[in-house]
Amino acid sequence: MKDSANRYFLSFVVEIQPEILPQTDNSVGIDLGIYTFATLSDGTKIDAPKPLKKRIKKLRKLSKLLSKKTKDSKRYEKARVRVAKFHGKLKDTRTDFLHKLSTKIIRENQTVVLEV
């Protein structure tokens, strides 16, 4: 499969033995916020990853360069692909952060409660 940023994705089917995590009596409540990404019930504050701030500045610059190009020109298409690739990298950074954080919380706690 190929997307608009000329990135390819592969899909594999693999049989694995699921790892049974040890039982714990720990529980945690999570409050998602605006200024900090999440605050846990034990007082731990989790900030969003710092590289995103630098990347968002670069995204702003790339988008501005794209907007100055003439539509349907070759340079417009090159700039569009650059912006699309950058959006992909930004998405991958966010997804990686969320996967690592959720895995850490699940491994350490038996019960997880979210504020709705």
Side-chain angles (χ1 to χ4, degrees):
M1 185 173 99
K2 188 175 172 183
D3 68 354
S4 63
N6 296 329
R7 296 180 351 150
Y8 291 90
F9 296 92
L10 298 174
S11 177
F12 296 98
V13 177
V14 181
E15 288 188 32
I16 60 168
Q17 296 297 326
E19 176 185 348
I20 307 287
L21 297 176
Q23 291 281 340
T24 63
D25 292 334
N26 297 343
S27 64
V28 68
I30 302 173
D31 179 25
L32 301 176
I34 296 172
Y35 297 109
T36 59
F37 178 75
T39 305
L40 304 181
S41 59
D42 62 2
T44 307
K45 293 186 178 186
I46 301 167
D47 292 324
K50 295 290 182 189
L52 288 178
K53 287 186 179 183
K54 290 181 184 176
R55 287 191 172 169
I56 288 174
K57 285 181 184 177
K58 186 174 180 183
L59 177 63
R60 191 177 301 138
K61 179 183 171 187
L62 289 174
S63 296
K64 190 174 182 181
L65 291 174
L66 174 64
S67 70
K68 293 180 184 261
K69 306 286 186 230
T70 306
K71 279 209 171 191
D72 298 329
S73 67
K74 195 163 190 163
R75 290 184 186 256
Y76 179 86
E77 186 59 25
K78 283 183 180 180
R80 187 198 62 77
V81 168
R82 284 184 71 191
V83 170
K85 281 185 181 181
F86 200 78
H87 272 292
K89 287 181 183 179
L90 204 57
K91 177 186 157 225
D92 292 343
T93 301
R94 288 181 171 135
T95 304
D96 183 57
F97 168 71
L98 291 174
H99 281 300
K100 286 179 180 176
L101 178 62
S102 61
T103 301
K104 179 181 177 244
I105 290 173
I106 299 243
R107 287 184 185 275
E108 293 174 355
N109 300 289
Q110 184 69 32
T111 307
V112 178
V113 181
L114 293 172
E115 178 188 357
V116 179

Check your understanding: When clusters are formed from ILVMFWY side-chain contacts under 4.5 Å, directly or step by step, what else is grouped with V113?
Key -> none
**Study point:** side-chain contact (heavy atoms from CB on, under 4.5 Å) against T95, all qualifying residues, sequence neighbours excluded
**Key:** K91, H99
Study note, to complete from the structure: So salt bridge (Lys or Arg N to Asp or Glu O under 4.0 Å) across residues 62-76, not counting sequence neighbours, yields none
Check your understanding: Considering residues at least two apart in sequence or located in another chain, which fulfil the salt bridge (Lys or Arg N to Asp or Glu O under 4.0 Å) criterion with R94?
Key -> none
Check your understanding: So how far is it from I105 CD1 to T44 OG1, rounded to the nearest 0.5 Å?
Key -> 9.5 Å
Exercise for review: To the nearest 0.5 Å, tell me how far L59 CG sits from K89 NZ.
Suggested key: 12.0 Å
**Study point:** D47: side chain to side chain donor-acceptor pair (under 3.5 Å) partners, not counting sequence neighbours
**Key:** none
Review point. Can you list the residues that meet the salt bridge (Lys or Arg N to Asp or Glu O under 4.0 Å) rule with K100, with sequence neighbours excluded?
Key: D96
Check your understanding: Does Y76 have any ring-ring contact (aromatic ring centres under 6.0 Å, His included) partners at least two apart in sequence or in another chain, and if so, which?
Key -> none
Review point. Taking only residues two or more places apart in sequence, or in another chain, which ones meet S63 in a side chain to side chain donor-acceptor pair (under 3.5 Å)?
Key: none
**Study point:** R55, CZ: over 12 other non-hydrogen atoms inside 6.0 angstrom
**Key:** yes
Show me the donor-acceptor pairs within less than 3.5 Å that the side chains of residues 17-32 make with the rest of the protein, sequence neighbours left out.
from, atom 1, to, atom 2, distance (Å)
Q23, OE1, Q110, NE2, 3.4
N26, ND2, E108, O, 3.2

Point to revise | Considering all heavy atoms, the nearest T70-S73 contact | key: O-OG, 2.7 Å
Practice item. Not counting sequence neighbours, which residues clear side-chain contact (heavy atoms from CB on, under 4.5 Å) with V13? List them please. Key: none
Check your understanding: Got a sec, which residues hit side chain to side chain donor-acceptor pair (under 3.5 Å) with K58, two or more places apart in sequence or on another chain?
Key -> none
**Study point:** Contacts of type side-chain contact (heavy atoms from CB on, under 4.5 Å), residue K78, not counting sequence neighbours
**Key:** none
